[in-house]
Amino acid sequence: MNSCVAPHAQKKTKPSKDRIFGASEAAQKRISEIGADAVINATIGCILDNDENFVVLPTVSKVFRGLKDAEYFKYAPIMGLPEYLELVQNACFSQSRPEGFTAAIATAGGTGAIHHAVWNYAEAGDTILTSAWYWGAYNQICEDMDRHLATYPMTTPDHKFNLAACEEKVREILAHQDRILLIINTPAHNPTGFSLTPEDIENVLKMLENAVAGTDKTATLCLDVAYIDYAGEREEVRKIFRKLSNLPKNIFGLIAYSLSKSFTMYGQRCGALIGVTSDEKQILEFINANKYTSRACWSNCNRGAMDTLDTIYSNPELLDTIQKERAHYYSMIQERGDIFTEEAKQCGLKMLPYISGFFLSIPAKDPEAVCNRLHEDNIFCVPLAAGVRVAVCGVPKHKVYGMAAKIKAAMDAV
Ligand code: PLP
């Protein structure tokens with residue numbers, strides 16, 4: 001008998017092992033055996049404070065809980081609440097809104113935004129490009145829609161963005177297809193904490209422009225900014241967006257924005273895909289194509305999350321308080337990352353260039369073996385394909401001290 005699962009979906013029927021949840025389960029098991037104080041759980045991708053409590057920005061929680069019934073329970077429009085579509089662009093761009101036509105569509109978190117980008121800006125069989133250290137969901141999103149993910153080495157040996165490697169892959173892919181979608185997760189990249197400078201973004205755009213020059217082909221740059229609010233000074237980190245001003249018509253800009261980390265609303269599943277172009281026709285195409293896809297995927301998104309943003313942005317005092325609360329947690333995570341980086345330098349542990357953000361990574365030949373060896377020290381990290389991910393967002397400061405040396409010892413032992 002044939003499988004009831006259709007042929008295109010059969011590649012997905014084997015049980016998949018999620019490295020992150022697997023590592024997190026192992027940490028939980030050890031905690032239940034010997035207690036949380038004795039275990040370092042560096043697997044969790046959300047913020048825990050220095051007492052290991054789950055962090056929700058207090059004012060976001062207050063606003064969300066204070067909504068009226070209708071603000072939670074009514075349907076939202078498919079595109080998203082009209083006020084939200086404007087406010088989410090303010091939240092994303094702040095003072096660096098690019099010149100040109102911009103529009104937003106509500107999505108189910110940043111994941112939903114990446115989904116729409118992959119579905120509507122690449123076609124079946126196409127190859128989509130991202131850096132060699134990447135968030136694993138990119139691959140699943142692509143494969144689920146019969147697209148494929150290719151990668152380039154993200155940084156040069158002197159820890160700069162590897163534009164030449166990116167260009168080589170862009171040209172290789174464009175030799176076989178009509179359009180290219182390049183996804184760059186910056187600032188505060190997951191899983192390394194690396195960020196591109198505004199000049200890097202400018203160079204990437206120029207490179208794309210050159211790669212399609214003299215052809216009918218097009219290029220789309222999708223900036224996944226899921227961690228932008230934990231990446232440094234608010235306006236400084238947003239300067240990358242100005243580089244999307246006045247794009248040539250054959251270059252389209254997409255931004256995947258998420259309320260998950262920025263407003264600690266992870267489970268409320270809300271974000272936005274924002275389009276940027278100098279071509280009015282293309283912004284209308286962006287709106288219509290993505291609205292259609294939303295209707296076909298999830299219809300409309302979480303109304304309470306959108307109304308929360310609306311309430312926050314209509315009251316400057318609330319917004320100011322939330323920005324201060326967030327700045328506090330940004331500094332808390334940054335301090336942990338900086339302690340780890342400094343200790344890594346002292347003990348000779350090689351790591352990917354960490355600038356800011358929830359995660360940092362250590363390259364390893366056998367990441368699984370390193371992580372298993374670390375279990376002997378009651379340290380739990382995530383083994384990725386090319387290294388070990390440490391989620392400093394969830395490790396209290398006092399437990400960060402000494403971690404780098406223990407990881408170095410584990411690397412030397414395996
Ligand atoms: N992009 C990256 C790199 C991420 O790590 C995440 C979350 O882990 C997201 C996007 C989107 O997250 P969400 O769908 O929870 O908003």
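The model shown is predicted, which means the values in this text are computed figures rather than measured ones. Indexing begins at 1, ligand by ligand and atom by atom, following the structure's order.
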For this session: Using heavy atoms and a cut-off under 4.0 Å, could you grab the residues that are in contact with ligand 1, chain by chain, numbers ascending?
Result: Gly109, Gly110, Thr111, Trp135, Asn185, Asn190, Asp224, Ala226, Tyr227, Ser258, Ser260, Lys261, Arg269
For this session: Would you kindly check if the NZ (Lys) or CZ (Arg) of Arg326 is within the cone defined by 45 degrees around the ring axis of Phe263 and under 6.0 Å from the six-membered ring centre?
Result: yes
Exercise. Looking only at atom types and distance, does a side-chain atom of Thr59 sit under 3.5 Å from a main-chain N or O of Thr321, one as donor and one as acceptor?
Worked result: no
Exercise. Is there a donor-acceptor pair under 3.5 Å between the side chain of Arg30 and the backbone N or O of His375?
Worked result: yes
Problem set entry | Distance-only donor-acceptor check, side chains Thr197 and Asp200, under 3.5 Å | yes
Exercise. Are side-chain N/O atoms of Asn185 and Asn190 paired as donor and acceptor at under 3.5 Å?
Worked result: no
For this session: Indicate the ring-plane relationship of Tyr121 and Phe286, choosing parallel, tilted or perpendicular according to the 30° and 60° boundaries.
Result: tilted
